Engineer: 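The structure that follows is given in the form of structure tokens.
Predicted model, so just to flag it, every value in this text is computed and none were measured.
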Amino acid sequence: MKIGIHVPSRERMNRRLTLLTSIITSVRDINNVNVYFGVDEDDPTRKLIYKVADAIPCLKIVDIKNDHKFIGLGKMWNICVNETDDDIISMVGDDMVFHTPGWDEMLINEFSGGNIPQDKIKAVHCNDDCHGEKLAVNLFCHRKFNDVMGQFMREEFKINWIDQWLHQVFNAFGRLKYRGDIMIEHRHWVLGKDKRDKTAERMAIADANKISDQLWHDLVDERIKDVRKLSEYLKIKPDWSKVDTGGKVLN
């Protein structure tokens with residue numbers, strides 16, 4: 001069993017290398033992990049990151065055909081997942097840093113033997129040094145979820161709310177586990193841990209007028225459909241109190 005670390009990333013060579021170094025130096029066994037950077041076809045650092053990948057066996061580059069525009073993090077993560085085959089898939093940002101020694105074996109254990117349901121629907125999120133248990137800013141799940149739902153993430157969102165959507169879908173069935181003992185620090189510029197760069201500016205422009213915020217409300221019926229779809233597979237009734245249903249009373 002291997003963990004796929006899926007990371008949409010444009011430019012940001014320093015952040016990429018910081019993330020990559022943190023992974024390599026904290027794993028118990030590098031053979032447990034593959035790291036995938038989803039890189040735009042017009043990324044000016046494309047040749048450079050390919051050179052890095054040539055020198056580091058665990059690093060792979062997934063080509064993103066973006067037609068010279070930001071296509072959205074949801075789409076980029078889905079492309080990364082669909083072009084790979086690791087059992088454990090993940091939502092990880094290029095502004096994150098792995099700190100806990102042996103986190104790879106800890107996560108593999110979460111998805112092995114009696115620790116994972118027979119239906120394989122389970123997600124784990126780790127301490128991000130900010131939100132903690134309240135929000136799955138990072139997330140790992142078995143690939144079976146992608147197979148059942150037809151996609152890992154909703155592609156409508158350009159930037160925000162993807163994590164909240166996954167958090168609520170898994171939590172509706174009690175299938176989301178928090179590992180506070182595994183630190184994957186989120187060094188987001190909003191938290192004052194880094195500077196806002198041109199990649200962040202580019203994403204903000206694509207999400208002009210807070211499109212993603214409005215979509216969270218507009219897509220309430222789709223969120224309900226996703227929960228019901230997973231419910232049909234699991235044959236388990238969801239806890240709707242864990243889901244933002246827009247005030248709709250469901251049973």
Engineer: Between Leu230, Val169, Ile236, Val124, which is the residue that forms a side chain to side chain contact (heavy atoms under 4.5 Å, CB included) with Arg175?
Structural biologist: Ile236
Engineer: Quick check: closest heavy atoms across Met96 and Ile184, and the distance to 0.1 Å?
Structural biologist: CB-CG2, 4.0 Å
Engineer: Less than 4.0 Å between a side-chain N and a carboxylate O, is that true for Lys47 and Asp42?
Structural biologist: no
Engineer: Can you check ring pair (Phe, Tyr, Trp, His ring centres under 6.0 Å) on His131 and His186, steps first, answer last?
Structural biologist: CA-CA 10 Å; His131 296 91; His186 193 194; 7.5 Å; no
Engineer: Using only atom types and a distance under 3.5 Å, with no angle test, would you say the side chain of Asp86 pairs donor to acceptor with the backbone of Ile88?
Structural biologist: no
Engineer: Please say whether more than 12 non-hydrogen atoms of neighbouring residues, nucleotides or ligands are located less than 6.0 Å from NE2 in His217.
Structural biologist: yes
Engineer: Check for a donor-acceptor pair, side chain of Thr100 on one end and backbone N or O of Met183 on the other, with a separation under 3.5 Å.
Structural biologist: yes
Engineer: Looking at CG of Leu176 and CG of Leu139, how far apart are the two atoms once the value is rounded to the nearest 0.5 Å?
Structural biologist: 6.5 Å
Engineer: Does Arg28 offer a backbone N or O that forms a donor-acceptor pair with the side chain of Asp104 under 3.5 Å?
Structural biologist: yes
Engineer: Any salt bridge between Lys69 and Asp40, counting N to O under 4.0 Å?
Structural biologist: no
Engineer: Quick one: does any side-chain atom of Tyr178 pair with a main-chain N or O of Leu135 as donor and acceptor, under 3.5 Å?
Structural biologist: no
Engineer: Looking at Ser22 and Val97, what are the two nearest heavy atoms and their distance?
Structural biologist: CB-CG1, 3.6 Å
Engineer: Step by step, would you call Val137 with His125 a side-chain contact (heavy atoms from CB on, under 4.5 Å)?
Structural biologist: CA-CA 7 Å; Val137 174; His125 70 114; over 6 Å; no
Engineer: Looking at Ser26 and Trp103, what are the two nearest heavy atoms and their distance?
Structural biologist: OG-NE1, 2.7 Å
Engineer: Would you call Lys225 and Glu222 a salt bridge, using N to O less than 4.0 angstrom?
Structural biologist: yes
Engineer: Considering all heavy atoms of both residues, which atom of Asp163 and which atom of Met91 are nearest to each other, and what is their separation?
Structural biologist: CB-CE, 3.7 Å
Engineer: Please report the shortest heavy-atom distance between His167 and Ala136, naming the atom on each side.
Structural biologist: ND1-N, 3.0 Å
Engineer: Using only atom types and a distance under 3.5 Å, with no angle test, would you say the side chain of Ser90 pairs donor to acceptor with the backbone of Phe140?
Structural biologist: no
Engineer: Quick check for you: to the nearest 0.5 Å, what is the distance between Met76 atom CE and Lys158 atom NZ?
Structural biologist: 11.0 Å
Engineer: Quick one: do Phe98 and Glu185 satisfy side-chain contact (heavy atoms from CB on, under 4.5 Å)? Show the steps, please.
Structural biologist: CA-CA 6 Å; Phe98 287 69; Glu185 182 187 3; over 6 Å; no
Engineer: Distance to the ring centre below 6.0 angstrom and angle to the axis at most 45 degrees; does that hold for Arg154 and Trp161?
Structural biologist: no
Engineer: One pair to check against side-chain contact (heavy atoms from CB on, under 4.5 Å): Met106 and Arg179. What are the steps and the verdict?
Structural biologist: CA-CA 9 Å; Met106 296 178 191; Arg179 288 294 301 260; 3.8 Å; yes
Engineer: Between Lys122 and Phe170, is there a donor-acceptor pair closer than 3.5 Å when you use the side chain of the first and the backbone of the second?
Structural biologist: no
Engineer: Give a yes or no on whether Ile3 and Ile89 share a hydrophobic cluster (residues Ile, Leu, Val, Met, Phe, Trp, Tyr; joining criterion: side-chain heavy atoms under 4.5 Å apart).
Structural biologist: no
Engineer: Between Thr84 and Arg143, do the side chains contain a donor N or O and an acceptor N or O under 3.5 Å apart?
Structural biologist: yes
Engineer: Indicate yes or no for a side-chain donor-acceptor contact from Asn78 to the backbone of Met153 under 3.5 Å, with no hydrogens or angles considered.
Structural biologist: yes
Engineer: So does Cys126 get a backbone contact from the side chain of Asn138, meaning a donor-acceptor N/O pair under 3.5 Å?
Structural biologist: yes
Engineer: When rounded to the nearest 0.5 angstrom, what is the spacing between CG in Asp129 and NE2 in His99?
Structural biologist: 7.0 Å
Engineer: Any donor-acceptor pair under 3.5 Å linking the side chain of Asn115 with the backbone of Asn109?
Structural biologist: yes
Engineer: Give the C-alpha distance, both sets of side-chain angles, the deciding distance and a yes or no for side-chain contact (heavy atoms from CB on, under 4.5 Å) between Phe37 and Leu19.
Structural biologist: CA-CA 11 Å; Phe37 284 148; Leu19 169 62; 4.0 Å; yes
Engineer: With side chains defined as the heavy atoms from C-beta onward, is the minimum distance between Ile79 and Val62 less than 4.5 Å?
Structural biologist: yes
Engineer: What distance do Lys235 atom NZ and Glu232 atom CD have between them, rounded to the nearest 0.5 Å?
Structural biologist: 9.0 Å
Engineer: Distance check, rounded to the nearest 0.5 Å: Lys2 atom NZ versus Ile108 atom CD1?
Structural biologist: 9.5 Å
Engineer: Using only heavy-atom distances, determine whether the side chains of Asn146 and Gln151 contain a donor-acceptor pair under 3.5 Å.
Structural biologist: no
Engineer: Sub-3.5 Å donor-acceptor pair from the side chain of His142 to the main-chain atoms of Ile121, do we have one?
Structural biologist: no
Engineer: Does the side chain of Trp216 come under 3.5 Å of the side chain of Asn160 through a donor N or O and an acceptor N or O?
Structural biologist: no
Engineer: First locate atom OG of Ser241, then atom CG of Leu250, and finally report the distance between them rounded to the nearest 0.5 Å.
Structural biologist: 11.5 Å
Engineer: Going by salt bridge (Lys or Arg N to Asp or Glu O under 4.0 Å), name the residues that satisfy it together with Asp85, two or more places apart in sequence or in a different chain.
Structural biologist: none
Engineer: Could you tell me if Arg10 and Thr45 have a donor-acceptor pair between their side chains, going purely by distance under 3.5 Å?
Structural biologist: no
Engineer: Side-chain atoms of residues 50-61: list all donor-acceptor pairs with protein atoms under 3.5 Å, sequence neighbours left out, distances to 0.1 Å.
Structural biologist:
unit_1 : atom_1 : unit_2 : atom_2 : d
Tyr50  : OH     : Asp63  : OD1    : 2.6
Tyr50  : OH     : Asp63  : OD2    : 3.3
Lys60  : NZ     : Pro57  : O      : 2.9

Engineer: For the aromatic rings, using the six-membered ring if either is Trp, is the centroid distance between Trp77 and Phe152 under 6.0 Å?
Structural biologist: no
Engineer: Using a strict 4.0 Å threshold on nitrogen-to-oxygen distance, state whether Arg46 and Glu41 make a salt bridge.
Structural biologist: no
